[in-house]
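Worksheet for the structure shown next.
Heavy atoms only: backbone and side chains are in, while hydrogens, waters and symmetry mates are out.
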Amino acid sequence: MTKHKDTKVTLLMGSSLFMEMLDSTIVTTALPQITASLKLESSSASLIISLYMLSVAIFIPLSGWLAQRYGNRTIWLTAVSLFIISSLGCALSFNLTSMLIMRVLQGISGALMVPTARLIVLENTHPKDLLKMMSYVIWPALIAPAIAPFVGGVLTTYLSWHWIFMINIPIGLILLLIGHHMLSVNERHQHVKKFDWLGFLGLSISTGTLLIALDSIAGHQKLSILSLLLLGICSVSLYMSIKHLMTVQNPLFSLSALRFSSFRLSQIGGSLLWLSVGAIPYLSTIFFQNAFHWSPMKTGTYVLLIFVGNIGIKPIANAMVLQIGYKRTLIISLLTVIITTGAISQVTPETSSIVLGILLVLSGVGRSLSLTAYNGMSLVEVPYVERNSANTFASVTQNLAQGIGISLVTITFSILSIYMESIDAYRATFIALAVLSVLPLIEILTKPNDIGMVNN
């Protein structure tokens, strides 16, 4: 492909990721309306979010093998089609059971769409162009959570909760039409390795028990016997799965890319960062709505400023990395994330709108710079033949980190609210996220100045 077509394909893939990530985050805003409309218990309503995240986490490892077996183009088009169908199903749901079935289908289609879209970009990008192309791919992860509260607020206020799902249908149909004509028909592998069912089962048990345990802890505000049992199963299963992936001849995905320092840093530090920054738009939304008693529209408008920061820094993000390197970019961006997260914890309803706006914009700047840097460096050293496995591995860790981050926010707030006022519990949760972001900062400080700067 030409560079011009490469960019078009990358933007197309980014748009499909935007659709999936917007859907996964916009539901939070509309959950009260869905709960009332379907006459649900609040404890049951949370399953609409958690079951989706669980489905995505479990089925992502399947995407790499299916892409090899049937081709990237076929899997991506199938995933988008399933996402459209399941979105319509969610909008037409009449009770909890029908909604949960459609959300599982949405999660499966999202699990196939996200890694395959990244793989289509990676397999057609030279290492020297990875920073530029991955900056296009990362924008959905930055934009979608930031604009979701605003879009959700508009749709639920002026239309109904059904439209948070219906909006995916025209977007998906346009993507299908463009993708059908733009994507090349790639050859399927003639000798596809046998599917690693044991590895898939082990990782499914690990991720499933972890997310269910975290959801149980958040609901009960304590470590119950069930949650302890699930965490124990998760630990044993994860240990056995890693051992299996490292020793079996044809693993579900290889861990060999971890031998490269840049990839290893992106997975460890990047995942720790995702735990924090992935939860900030979510925490900001419930903080402003529940503690300040703001309307969904007002809340969404303020949280939208995180998106302004994300986009505002984009024109110079790549140039900044190339000029001062990944390490210095990450130090600056992580410090920005830490400081702004801590500062947001101290705002009050009387805080100047200008001050709050600046904090949210700068928070978006820090998020954008750090995630652009982590994603840009992740695969620069990884050979083409290993990119499928490395991409699957990275997709698993990133999506799991996002899900765990939101769960940890819920758990932290639930436990703290037992011992302090609600507004103070929210503030302490913000501070906990800021402290969590210190860990990737410590890690990057130990790395050489030229990490990730590979000339190919």
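In terms of heavy-atom proximity, G357 sits nearest to L305 at CA-CD1, 3.5 Å. The shortest heavy-atom contact between G110 and F83 is N-CD1, 4.3 Å. Here the shortest heavy-atom pairing between L176 and V80 reads CG-CG1, 3.7 Å. Taking all atoms of both residues into account, the shortest heavy-atom contact from A117 to S16 is CB-OG, 3.9 Å. Nearest heavy atoms, S86 versus M102: CB-O, 3.7 Å. Smallest separation of non-hydrogen atoms from L356 and V347: CD1-CG1, 4.0 Å.
In this structure, D196 and H244 have side chains that are in contact, with non-hydrogen atoms separated by less than 4.5 Å. In this structure the side chain of S284 reaches within 4.5 angstrom of the side chain of F430, judged on heavy atoms. Counting heavy atoms from C-beta on, the side chains of L441 and I338 come closer than 4.5 Å. Two residues are said to be in side-chain contact when any heavy atoms from C-beta on lie closer than 4.5 Å; L198 and V248 fail this criterion. Contact annotation: the side chain of T329 never approaches that of I332 to less than 4.5 Å [non-hydrogen atoms, C-beta and beyond]. For the pair F287 and T429, the minimum side-chain heavy-atom distance is 4.5 Å or more. Proximity of I75 to S63: side-chain heavy atoms (C-beta onward) are nowhere separated by under 4.5 Å. Looking at L66 and L112, their side chains come closer than 4.5 Å, going by heavy atoms from C-beta outward.
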From CA spacing to verdict: side chain to side chain contact (heavy atoms under 4.5 Å, CB included), F393, F263: CA-CA 11 Å; F393 181 31; F263 182 77; 3.6 Å; yes
Chi angles and distances behind the side chain to side chain contact (heavy atoms under 4.5 Å, CB included) call for L12, W76: CA-CA 11 Å; L12 176 66; W76 184 82; 4.1 Å; yes
Check against side chain to side chain contact (heavy atoms under 4.5 Å, CB included), F165 and R103: CA-CA 11 Å; F165 299 111; R103 286 293 281 173; 3.8 Å; yes
Verdict with supporting geometry, I313 and T372, side chain to side chain contact (heavy atoms under 4.5 Å, CB included): CA-CA 11 Å; I313 197 64; T372 296; over 6 Å; no
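For the atom pair CG of L238 and CG of L210, the computed distance is 8.5 Å after rounding to the nearest 0.5 Å. The CH2 atom of W274 sits 9.0 Å away from the OG atom of S370 when rounded to the nearest 0.5 Å. With values rounded to the nearest 0.5 angstrom, R427 atom CZ is found 9.0 Å from I431 atom CD1. In this structure, OG in S437 is found 11.5 Å from CD1 in I339, a value given to the nearest 0.5 Å. Taken to the nearest 0.5 Å, the CG atom of L258 stands 11.5 Å off from the CG atom of L265. Atoms CZ and CZ, from F195 and F200 in turn, are 5.5 Å apart once rounded to the nearest 0.5 Å.
E381 contributes no side-chain N or O that, together with a main-chain N or O of F260, makes up a donor-acceptor pair within less than 3.5 Å. Side-chain N or O atoms of S368 include none that pairs as donor or acceptor with a backbone N or O of G364 at under 3.5 Å. Not a single donor-acceptor pair under 3.5 Å links the side chain of T412 to the backbone N or O of V409. Of the possible donor and acceptor atoms, one in the side chain of R259 sits under 3.5 Å from a partner among the backbone N and O of S256. Formation of a donor-acceptor pair under 3.5 Å by the T116 side chain with backbone atoms of N72 is not found in this model. Within the 3.5 Å criterion, the main-chain N or O of I268 finds no donor-acceptor partner in the side chain of S271. Using a distance-only test at 3.5 Å, with no hydrogens or angles considered, a donor-acceptor pair links the side chain of S276 to the main chain of L433. The backbone N or O of I451 sits nowhere less than 3.5 Å from a side-chain atom of K327 that would complete a donor-acceptor pair.
Just one of I85, L82, V114 meets the side chain to side chain contact (heavy atoms under 4.5 Å, CB included) condition when paired with S109; it is L82.
With sequence neighbours excluded, the residues forming a side-chain hydrogen bond (donor to acceptor under 3.5 Å, both in side chains) with T397 are Q267, listed by chain and number.
Around the CE atom of M240, the shell of radius 6.0 Å holds no more than 12 heavy atoms that belong to other residues, nucleotides or ligands.
For the residue pair S87 / Q106, a side-chain donor-acceptor distance below 3.5 Å is found, with atom types taken as modelled.
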